[in-house]
Amino acid sequence: KERVWIIILDGMRLDTWDTVIWSRLREHFELDGSEQFYLSTLPSFTDIARLSFIAGKLPPHWKDYHHNYTSDHNILMSRQLGLGKDESKKKLKIVARVEEKTEQSELDFDAAQYCCLIFNISDDWIHNEHGSLVQVNGIVRDKFEKMVLPELIDKLESGDIVVVTSDHGFMELKKDRSIQIKDLKMVGGIADNIRYRYLTSGAHDQGLPITYDKSHQWCLAVGSSWFERPKPTGKTPRYSHGGISLAEMVVPAVRLRRRMAKETGLLLEIVPPAPCAAGDSIKLLAKLENLGAMKISV
C-alpha cells in the first residue's frame with residue numbers, strides 16, 4: 001500500500017553509478033535489501049531497453065488493453081502493475097525530466113500511488129559529447145546534483161519505496177575498432193540504418209543478429225567494435241550505445257527508503273593473515289566502508 005517511486009537515470013553507466021551517484025544517494029537514503037545488477041535488454045538503446053524495463057517484457061509482448069502492440073510507456077507500466085485503464089489514470093504518473101521547462105515546473109503527484117521519474121543525465125547529449133569519460137562524469141555529477149537529488153529529497157517521504165535504476169549505458173567508439181560499411185545496399189541503401197553500435201536492417205558477418213519478430217530485427221556490434229558509414233559527413237560521435245558490451249549492458253538497481261536522521265557509521269574489516277612465525281613479513285588487508293549518511297575523513 002506504500003507509495004512507490006521508480007527512478008530511471010537514463011543512459012547511466014555502471015562506473016558513473018559507482019563514482020558519482022551511489023555515494024550521494026546513501027547520504028539521504030538507506031538501502032532496503034541489497035544492491036543488484038542486471039543486463040539491459042538488447043539492443044541496448046532507449047526505445048528498447050527502457051520500455052522493456054517499464055513493460056517488464058520483451059518487445060513482442062508489449063500489448064495494450066485490447067492486446068494490440070503498443071510502445072506507450074503509460075499503458076505498458078499500467079499493465080505490468082496490474083492497473084486497469086481507468087485505475088491507471090488515478091494511480092500512475094510517469095514524467096520524463098528532459099526539457100528545461102519541464103524540469104522547472106511543479107508536478108502534482110499527490111493522487112498517484114506509483115510515480116515514475118525519468119531523468120536524462122547521460123543519454124541525449126552523450127551523442128554530441130567529445131570530451132573524456134572524466135569530463136562526462138563531471139557533467140553527470142553536475143546534472144545529478146542540480147536536477148535529480150533536490151527533487152528526490154523534496155518529493156520522497158519516509159514511508160515511500162524507492163527503486164533507482166538505469167536503462168542502459170554507453171561506450172566509446174575507438175577508430176581502430178570500426179567496421180567499415182562500404183556498400184549501402186546491405187543496409188537497404190539508407191545510411192541512417194547504420195547506427196554505429198547496431199544496424200537497423202541488413203546483416204554483417206562481424207555482427208550478431210537479434211530478432212524478436214518480423215518487426216524487431218537488428219544486427220549488433222559486439223565488444224568494442226562499431227559500424228562506420230561510408231564517406232561519413234561531419235564528425236563521428238565519440239560515444240554511442242545499442243550494442244553488446246558490459247559498458248552498455250550492465251545496469252545497477254537498488255531499493256531505497258528515505259533516511260530521516262543523519263548518522264555516522266564506519267565498518268573496519270581486517271583479513272587475518274596466513275599462518276606465520278615471528279620475524280615473517282606479512283600483509284594485513286583492511287577494508288574500510290562508510291555505512292553512514294555523512295562523508296567521513298579517515
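Being a predicted model, the structure only gives us computed values, none of them experimental. Basis for what follows: all heavy atoms, side chains included, without hydrogens, waters or symmetry-related copies.
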| task | Answer whether the closest heavy-atom distance between the side chains of Asp10 and Arg50 falls below 4.5 Å. | result | yes
| request: Show the numbers, then the answer: is there a side chain to side chain contact (heavy atoms under 4.5 Å, CB included) between Arg195 and Ser240? | output: CA-CA 9 Å; Arg195 309 295 294 178; Ser240 189; over 6 Å; no
| Thr211 (side chain) donor-acceptor with Asp213 (main chain) under 3.5 angstrom | no
| task | Kindly state whether the ring of Phe45 and the ring of Tyr198 have centres lying under 6.0 angstrom apart. | result | yes
| note | All heavy atoms of Ala221 vs all of Trp226, minimum pair found to be CB-CA, 4.1 Å
| request: First locate atom CZ of Arg259, then atom CG of Leu256, and finally report the distance between them rounded to the nearest 0.5 Å. | output: 9.5 Å
| task | Rounded to the nearest 0.5 Å, what's the gap from NE2 on His73 to CG on Leu92? Could you check? | result | 8.5 Å
| task | Determine whether Pro60 and Tyr69 make a side-chain contact, defined as any pair of heavy atoms from C-beta on separated by less than 4.5 Å. | result | no
| query | Does Gln180 reach the main-chain N or O of Lys182 with its side chain, forming a donor-acceptor pair under 3.5 Å? | reply | no
| With distance as the sole test, does Glu145 use its side chain to make a donor-acceptor pair with the main-chain N or O of Asp142 at under 3.5 Å? | no
| task | Could you tell me whether Asp176 and Lys174 have a side-chain N and a carboxylate O separated by less than 4.0 Å? | result | no
| request: Indicate yes or no for a side-chain donor-acceptor contact from Trp218 to the backbone of Ser201 under 3.5 Å, with no hydrogens or angles considered. | output: no
| message | Quick one: does any side-chain atom of Arg197 pair with a main-chain N or O of Gly242 as donor and acceptor, under 3.5 Å? | response | no
| request: For Thr16 and Val140, run side chain to side chain contact (heavy atoms under 4.5 Å, CB included): C-alpha distance rounded to whole Å, both residues' side-chain angles, the deciding distance at 0.1 Å, then the answer. | output: CA-CA 8 Å; Thr16 305; Val140 172; 3.5 Å; yes
| Can a cation-pi geometry be assigned to Arg24 and Phe144, taking NZ or CZ under 6.0 Å from the six-membered ring centre and within 45° of the ring axis? | no
| request: May I ask whether Val163 and Leu9 are part of the same hydrophobic cluster, defined by side-chain heavy atoms of I, L, V, M, F, W, Y residues being less than 4.5 angstrom apart, directly or through others? | output: no
| Out of curiosity, does Leu14 fall in the hydrophobic cluster containing Val134 (side-chain heavy atoms, cut-off under 4.5 Å, transitive links)? | no
| task | Mark yes or no for whether Trp125, through its side chain, and Ile121, through its backbone, hold a donor-acceptor pair below 3.5 Å. | result | yes
| remark: The reported gap from CG in Leu288 to CD1 in Ile270 (rounded to nearest 0.5 angstrom) is 10.0 Å
| query | For the residue pair Tyr239 and His127, is the inter-centroid distance of their aromatic rings smaller than 6.0 Å? | reply | no
| Working for side chain to side chain donor-acceptor pair (under 3.5 Å), residues Glu157 and Trp5 | CA-CA 10 Å; Glu157 299 179 356; Trp5 294 84; over 6 Å; no
| message | Using the side-chain hydrogen bond (donor to acceptor under 3.5 Å, both in side chains) criterion, which residues pair with Thr19? Sequence neighbours excluded. | response | none
| Do the non-hydrogen side-chain atoms of Phe227 and Ser178 ever get within less than 4.5 Å of each other? | no
| note | Taking every heavy atom of Ile94 against every heavy atom of Asn74, the minimum-distance pair comes out as CD1-CA, 3.8 Å
| remark: Closest heavy-atom pair, Lys57 versus Trp62, reported as atoms and distance to 0.1 Å, is O-NE1, 3.0 Å
| remark: Of all heavy-atom pairs linking Arg13 and Gly169, the shortest is CG-CA, 3.8 Å
| Any salt bridge between Lys175 and Glu228, counting N to O under 4.0 Å? | yes
| query | What heavy-atom pair brings Met12 and Ser122 nearest, and what distance separates the two atoms? | reply | CA-OG, 3.9 Å
| Is a side-chain N or O of Thr41 found less than 3.5 angstrom from the main chain of Ala49, in a donor-acceptor match? | no
| request: Let me see the working for Val4 and Asp160 under side chain to side chain contact (heavy atoms under 4.5 Å, CB included), right down to the final yes or no. | output: CA-CA 6 Å; Val4 177; Asp160 295 349; over 6 Å; no
| remark: The reported gap from CH2 in Trp17 to OG1 in Thr165 (rounded to nearest 0.5 angstrom) is 8.0 Å
| field | Greater than 12 external heavy atoms within 6.0 Å of Leu39's CG | value | yes
| Linking I/L/V/M/F/W/Y whenever their side-chain heavy atoms sit closer than 4.5 Å, directly or via other members, would Ile118 and Tyr38 fall into one cluster? | no
| remark: By side-chain hydrogen bond (donor to acceptor under 3.5 Å, both in side chains), Ser71 pairs with (sequence neighbours left out) none
| message | Any salt bridge linking Arg238 with Glu129? Criterion: basic side-chain nitrogen under 4.0 Å from a carboxylate oxygen. | response | no
| field | Same apolar cluster: Leu220 and Val222, side chain cutoff 4.5 Å | value | yes
| field | Donor-acceptor contact below 3.5 Å, side chain Ser166 vs main chain Val251 | value | no
| field | Heavy-atom check, side chain of Tyr196 versus side chain of Leu173, under 4.5 Å | value | yes
| Under a 4.0 Å N-O cut-off, is there an ion pair linking Arg257 with Glu2? | yes
| said: Using a 3.5 Å distance criterion without hydrogens, assess whether the side chain of Ser44 forms a donor-acceptor pair with backbone atoms of Ser40. | reply: no
| When rounded to the nearest 0.5 angstrom, what distance separates NE2 in His66 from CD1 in Ile75? | 8.5 Å
| said: If only side-chain N and O atoms count, and only distance matters, is there a donor-acceptor pair under 3.5 Å linking Ser34 with Gln36? | reply: yes
| Student check: side-chain heavy atoms of Glu248 and Ile244 closer than 4.5 Å | no
| request: Kindly indicate whether the side chain of Val164, heavy atoms from C-beta on, has any atom under 4.5 Å from the side chain of Phe29. | output: no
| field | Candidate list Lys85, Lys90, Lys91, test salt bridge (charged side-chain N to carboxylate O under 4.0 Å, His left out), partner Glu87, passing option | value | Lys91
| Would Leu76 end up clustered with Leu42 when hydrophobic side chains under 4.5 Å apart are linked, directly or stepwise? | yes
| query | Can you find a pair of side-chain heavy atoms, one from Ser52 and one from Pro59, that are under 4.5 Å apart? | reply | yes
| said: Would you compute the distance between atom CD1 of Ile7 and atom NZ of Lys155 and round it to the nearest 0.5 angstrom? | reply: 10.0 Å
| said: Within the 3.5 Å criterion, strictly below it, is a donor on Ser158 or Arg258 matched to an acceptor on the partner's side chain? | reply: no
| task | Carefully, step by step, assess Ile181 and His204 under the rule side chain to side chain contact (heavy atoms under 4.5 Å, CB included). | result | CA-CA 9 Å; Ile181 305 293; His204 198 284; 3.6 Å; yes
| Side-chain touch Cys115/Ile6, heavy atoms, less than 4.5 angstrom | no
| field | Exercise: identify the closest heavy-atom pair between Tyr65 and Leu83 | value | OH-O, 3.0 Å
| said: Checking the side chain of Arg229 only, and the main-chain atoms of Ala191 only, is there a donor and an acceptor separated by less than 3.5 Å? | reply: yes
